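Just below is one structure, and these are the notes that go with it.
Hydrogens, waters and symmetry mates are skipped; everything else that's a heavy atom, side chains included, is used. Heads up: numbering here begins at 1 and tracks the sequence. Atoms within each ligand, like the ligands themselves, are counted from 1 in listed order. Predicted model, so just to flag it, every value in this text is computed and none were measured.
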Amino acid sequence: MKQSDITKIRRSMEKKLDAKRYEHTLGVAYTAAALAMRYGQDMNSALVAGLLHDCAKCMTNEKRLSICAKHNIAVTKAEEQNPFLLHAKVGSFLAMKKYGVTDKDVINAILNHTTGRPGMSLLEKIIWIADYIEPGRRQAPNLEKIRKLAFVDLDQALLTALEDTLQYLNRCKMEIDSMTQKTYDFYKNGGQE
Ligand code: DGI
Ligand code: FE
Ligand code: FE
């Protein structure tokens, strides 16, 4: 996508998202751009995916569920119980239908940005970890270490962050999407197909 398309998407996000989510979105987009520079990923793809990854975050669960029903988007049991998980799926749908994204890799990076998936592309990994380490994030343990690691060894950073995420979900007794577990297992076992 061109610079002017990216500017348009940024302006749309400023309108669609609340102030805090918009700040987070810019943090993810620019962190993803920096990681793209580091790892030789197309920078504009990283910016677009970063800008759009949470585009369906600031709507009600009812709205997300109704978009899924209307467009025959399958909803898993874990998503039904935690409809916030749907913001990734609905977000990737809107990226295509509303924001004119045609690049499959960008769509996938948005689709898989919450749970990850086994065998993620470079861009998917970049967006997943950028979401975790962007400067506005505060809560996660090992954040300082993972921030540095992301620019040294992307897969190792991913594994550490996935491990911390699972621990957090377990501690809070939250429903774990089977994809989150599969992603962790995959990278724990060396990240080979
Ligand atoms: O949308 P963001 O808050 O920027 O980030 P995100 O889409 O990665 O969502 C982060 C949250 O998602 C974080 O608190 C961990 C949680 N999460 C990741 N995998 C799962 C999950 N939550 C549940 N319930 N189940 C999962 O499998
Ligand atoms: Fe998200
Ligand atoms: Fe996010």
Side-chain angles (χ1 to χ4, degrees), residues 9-10 12-14 16-35 46-61 63-65 67-68 74-95 99 101 106-118 120 123-143 146-147 150 157-188:
I9 290 175
R10 180 165 51 72
S12 303
M13 289 306 104
E14 192 172 11
K16 276 282 166 196
L17 303 173
D18 63 44
K20 227 177 120 201
R21 184 59 48 180
Y22 180 62
E23 280 294 315
H24 162 72
T25 290
L26 291 182
V28 173
Y30 292 131
T31 302
L35 288 164
L47 280 173
V48 171
L51 285 172
L52 286 172
H53 84 283
D54 275 340
C55 71
K57 190 84 176 185
C58 292
M59 54 176 72
T60 61
N61 283 335
K63 174 84 183 168
R64 281 191 278 267
L65 286 165
I67 291 175
C68 288
V75 177
T76 66
K77 213 169 132 269
E79 288 167 341
E80 221 168 83
Q81 267 153 13
N82 296 286
F84 95 90
L85 285 173
L86 273 179
H87 79 276
K89 215 179 249 185
V90 173
S92 69
F93 173 80
L94 294 176
Y99 299 105
V101 176
V106 173
I107 302 292
N108 273 334
I110 300 168
L111 178 63
N112 299 309
H113 87 262
T114 303
T115 61
R117 70 168 173 96
M120 283 190 276
L123 181 63
E124 288 175 280
K125 290 178 188 173
I126 285 176
I127 295 300
W128 196 94
I129 204 73
D131 196 17
Y132 199 89
I133 65 171
E134 66 93 2
R137 284 262 187 235
R138 298 265 180 276
Q139 328 86 325
N142 302 318
L143 204 45
I146 295 170
R147 280 182 171 138
L158 200 61
L159 181 62
T160 310
L162 280 164
E163 194 161 348
D164 289 350
T165 298
L166 281 179
Q167 256 184 34
Y168 165 80
L169 294 172
N170 275 318
R171 204 174 49 241
C172 301
K173 307 248 184 301
M174 284 161 83
E175 174 91 358
I176 293 171
D177 191 296
S178 66
M179 190 56 85
T180 306
Q181 186 66 50
K182 279 185 199 150
T183 306
Y184 171 73
D185 294 343
F186 180 85
Y187 288 100
K188 180 77 186 166

Does the protein put any heavy atom within less than 4.0 Å of atom 23 (C) of ligand 1?
yes

Heavy-atom protein neighbour under 4.0 angstrom from atom 10 (C) of ligand 1
no

Look at the side chain of R10 and the backbone N and O of V48, then say whether any donor-acceptor pair between them is shorter than 3.5 Å.
no

Counting heavy atoms only, which part of T180 comes closer than 4.0 Å to ligand 1: side chain, backbone, both or neither?
side chain

Any N/O/S of H53 under 2.8 Å from the Fe ion (ligand 3)?
yes

Check ligand 1 against D131 and write out every atom of the ligand that is under 4.0 Å from a heavy-atom position of the residue.
4 (O), 5 (O), 6 (P), 7 (O), 8 (O)

For ligand 1, the portion of L169 having any non-hydrogen atom under 4.0 Å away:
side chain

Can you list the steps and then say if N82 with E175 is a side chain to side chain donor-acceptor pair (under 3.5 Å)?
CA-CA 8 Å; N82 296 286; E175 174 91 358; 5.4 Å; no

Looking only at atom types and distance, does a side-chain atom of D131 sit under 3.5 Å from a main-chain N or O of I127, one as donor and one as acceptor?
no

Hey, does R21 sit under 4.0 Å from ligand 1 if you only count heavy atoms?
yes

Within less than 4.0 angstrom of ligand 1, does H87 place any heavy atom?
yes

Any idea which of Q81, E175, K57 brings a heavy atom closest to atom 1 (O) of ligand 1?
K57

Could you check whether any heavy atom of I176 sits closer than 4.0 Å to an atom of ligand 1, since that is the contact criterion I want to use?
yes

Check contact between E79 and ligand 1, using heavy atoms of the residue and a distance below 4.0 angstrom.
no

Name of the D54 N, O or S atom nearest the Fe ion (ligand 2)?
OD1

Numbered in order shown, the ligand 1 atoms found under 4.0 Å of a heavy atom of H113 are 7 (O), 8 (O)

Identity of the N, O or S atom of H24 lying closest to the Fe ion (ligand 3)
NE2

Take atom NZ of K16 as the centre, draw a 6.0 Å sphere, and report whether it contains more than 12 heavy atoms from other residues, nucleotides or ligands.
no

Name, closest N/O/S atom of D131 to the Fe ion (ligand 3)
OD1

Short version for T114: what comes under 4.0 Å of ligand 1, heavy atoms counted, is both

Report yes or no: does a heavy atom of F84 sit under 4.0 Å from some atom of ligand 1?
yes

